[in-house]
Colleague: 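Structure incoming, see below.
Note that ligands are numbered from 1 as they come in the structure, with each ligand's atoms numbered from 1 the same way.
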Amino acid sequence: MCNQGREKVLNQAKNILKNVFGFDEFRESQQAIINNILERQNTLAIMPTGGGKSLCYQIPGVVFDGLTIVISPLISLMQDQVRQLNELAIPACVLNSSLSDTDYQANLDGIKQQQIKLLFLAPETALQSNILDLLTNCDVACIAIDEAHCISEWGHDFRPEYRQLNRLIECFPNAVCIALTATATPRVREDIKRQLNITDTSEYISSFDRPNLFIGVIPKDNPYQQCKKFVEQYPKQSGIIYCQSRKGVDELTTKLQQDGLSALPYHAGLSSIKRSDYQERFIRDDVHIIVATIAFGMGINKPDVRYVLHYDLPKNIEGYYQQIGRAGRDGLDADCLLLFGYGDTGKIRFFIDQMSNEQEKRLANMHLNQMLALAEAEDCRRTPLLEYFGEQSLKENCNNCDNCTGESKEKSDLTVPAQKFLSCVHRTEQRFGASHIIDVLRGSSAEKVLQNQHNLLSTYNIGNEYSKKQWMTLARQLIQKGLLNQDEQFGSLKLTQKAGDVLKGKVPFFALLQQPVVTSSHTSKAMTKPGDQQLVAILKADRKRLADEANLPPYAIFSDRTLNEMAYYFPHSQDNLLRIHGVGQAKLEKYGEHYLALINDFCQKNDIQEVSNAQSATSKATTSKSNNSSINSNSRSVEIISAYETGQSVSSMAEQFKVKNGTIINHLYRYAQDGHKFAQPSQLLEQSGLSQAHIDSALAAFAEHSYERLKPVYDSLSEQVSYDQLHLLRIYFVSQLTE
Ligand code: ADP
Ligand code: ZN
């Protein structure tokens, strides 16, 4: 293609993104992938779930004159995409046996008359001779193979029909081929490239990090209450709770329902009619919570799942990642919480021990240990997660996991209580479990204590400063940190070498004592515009009504992000409505007037003006300092701010407060975000240790890109300024924004 032609096609892609899909920018690597396909190079795209794979073939599908065939293994996903594309006025259809004769015939006619742009087929359908005959009479421009890892025998989900796709591809030597998947080991990738004739330069691998997912782990302690408290933070929002067993699913669902929560179960023990009914109700927002085994999730791509709660420990990171990946596909904040109990580890180990194949056993143990490394991590949880996918985490502090943000998790010096506990284990001859040790420490007159004459020990009744529950937490941490071993059969505790060092006072013991509370305080509002909640509720209720009328899932009409932005900018004209994320030409024509009327009405009643929506990130940021910016009155925060104002450096404060540098940075950042001013802001610049020239270019980069995400800024500075330095400069930058 000549340069001019190339440019024209690229512009076309960008226009479609804006005018049809209503999105302002391509996401990381989407643009490169689309360019490559438009240049008719076979392409392999590896992107995490929610990364935006569909757009990579949907846009070329619209640009190309001929037909684009999309191969996908799941009927429900194909139908969902067709519904969404039709909502965008893109002619797309599916051919499969579940269609009525009339619908099937209508779709066939559409294809023959070249009215259809995207045709979705299951691999076995595509290979049927009647379908092949039909297709060879069409001008096929592009073949997209979704879930392409199914092509490889090395993959975890090999499907023989996928292997046969070569026959389809050979029929269309002029069609460009794109393979997409969210999971592929190097071996599988090589296999896909070889089979589909894809060169190394046409392979695009995106990061597996999903920055909008908050990752948290808390000790499983009173799981039902913890779970209930967690889901109650998200009323009327969609969430998934994963349990290990069907029985667990049924019990938890019943309890939640009894407590008035909108929940339904999902597992392989339910009839398929029930399963698809419950799934559909979830997709349509008729029910908000799905309690499920791992059987749930493959066939849905609901973009607005706001949380995933793991009630039990997953067996491996692969599964855990896949499950949390179902949250926040729309790019908005989503909350992922794991309840982590040692009992669960025991159960999994028990199952592993039952395995007869030694190789499988070793593998299962390794997978469990990787999962434990994440659950027990004291530093950023993204590090073990990304390591699993062979990626290195870019930053020390991700700002979006409990360990990176959590002030609820600041550790204290617990050397003395640890010594009390350990020495009590020693004096009771390492024959008892935690509960008995605690009874002794707290001076209980339980029969078991008296019978063993443990009331005569020097450690009897020396531990009343803590509740039983607090001691339990401490015991768990002593086990977790390898000071105690627990006998798997009897639960008795044994001292290790490490315990000796703490007992002798050679090493201190730092840990968490307070049960970390589940709060929503971490929810970074990085990507969420705080729309007027009253209007959001009105728009949502209305969307639900429209969706039910049209027999569509609500997200196919507008995404949550779209409604939120409407309730933030209050657009009054079609032009301004078009500036809202997710509003393209087709949706404008279909729903524009209706939504403008709703917004207008609300604004009149509440005397609200339209907010200007110039696309510049900084102006959005400044106006977003709205009514609900909370003054951080947290006392720790106040201490940190005053320490800062006396001229202390971040690292010396970190030492003083016994927290990580990142925690201090977070306090300062939040303070600035809440609109407060520092007495000596330039201190931040000095502490970065950067030259004036670097400072200037970094601040300019914040103004040009958004300050909300550091990566674009980091990249634009050719990686010359480190993330740590950028964190400091960002605080300065935000503190200088004027109201
Ligand atoms: P995947 O197939 O990789 O799991 P999807 O293609 O379903 O992901 O995309 C996930 C969500 O992200 C969808 O709701 C989609 O509309 C949205 N999305 C994709 N690309 C963009 C973009 N460039 N800008 C905004 N939203 C996008
Ligand atoms: Zn982190």
Colleague: Could you tell me whether Phe26 approaches ligand 1 through its side chain, its backbone, both or neither, with non-hydrogen atoms closer than 4.0 Å?
Modeller: backbone

Colleague: Please list the nearest protein heavy atom to atom 20 (N) of ligand 1 with its residue and the distance rounded to 0.1 Å.
Modeller: Gln30 NE2, 2.9 Å

Colleague: Atom 14 (O) of ligand 1: which protein heavy atom is closest, and how many Å away?
Modeller: Pro303 CB, 3.8 Å

Colleague: Please calculate the SG(Cys401)-the Zn ion (ligand 2)-SG(Cys380) angle and round it to 10 degrees.
Modeller: 120°

Colleague: Under a 4.0 Å threshold between the charged nitrogen and the carboxylate oxygen, would Glu87 count as salt-bridged to Lys590?
Modeller: yes

Colleague: Salt bridge between Arg189 and Glu203, side-chain N to carboxylate O under 4.0 Å?
Modeller: yes

Colleague: So, 4.0 Å and heavy atoms of Gly50: is ligand 1 close enough to count as a contact?
Modeller: yes

Colleague: Can you sort out which atoms of ligand 1 are near Arg27, meaning under 4.0 Å from one of its heavy atoms?
Modeller: 12 (O), 17 (C), 18 (N), 19 (C), 21 (C), 22 (C), 23 (N), 26 (N), 27 (C)

Colleague: Which of these, Arg543, Lys302, Lys236, Arg329, sits in a salt bridge (Lys or Arg N to Asp or Glu O under 4.0 Å) with Asp560?
Modeller: Arg543

Colleague: Taking Asp335 first and then Arg306, would you say they form a salt bridge - that is, a charged N and a carboxylate O separated by under 4.0 Å?
Modeller: no

Colleague: Do any N/O atoms on Leu55 end up under 3.5 angstrom from N/O atoms on ligand 1?
Modeller: no

Colleague: What are the atoms of ligand 1, with element, lying closer than 4.0 Å to any heavy atom of Thr49?
Modeller: 4 (O)

Colleague: Do Lys540 and Asp304 meet the salt-bridge criterion of a basic N to acidic O distance under 4.0 Å?
Modeller: no

Colleague: Short N/O distance, under 3.5 Å, between Arg561 and ligand 1?
Modeller: no

Colleague: What part of Glu25, side chain from CB on, backbone N/CA/C/O, both or neither, has a heavy atom under 4.0 Å from ligand 1?
Modeller: backbone

Colleague: Only to 10 degrees, please: what angle do the SG atom of Cys398 and the SG atom of Cys404 make about the Zn ion (ligand 2)?
Modeller: 120°

Colleague: Is there a heavy atom of Pro48 sitting under 4.0 angstrom from any atom of ligand 1?
Modeller: yes

Colleague: Does Phe558 have its ring centroid less than 6.0 Å away from the ring centroid of Tyr595?
Modeller: yes

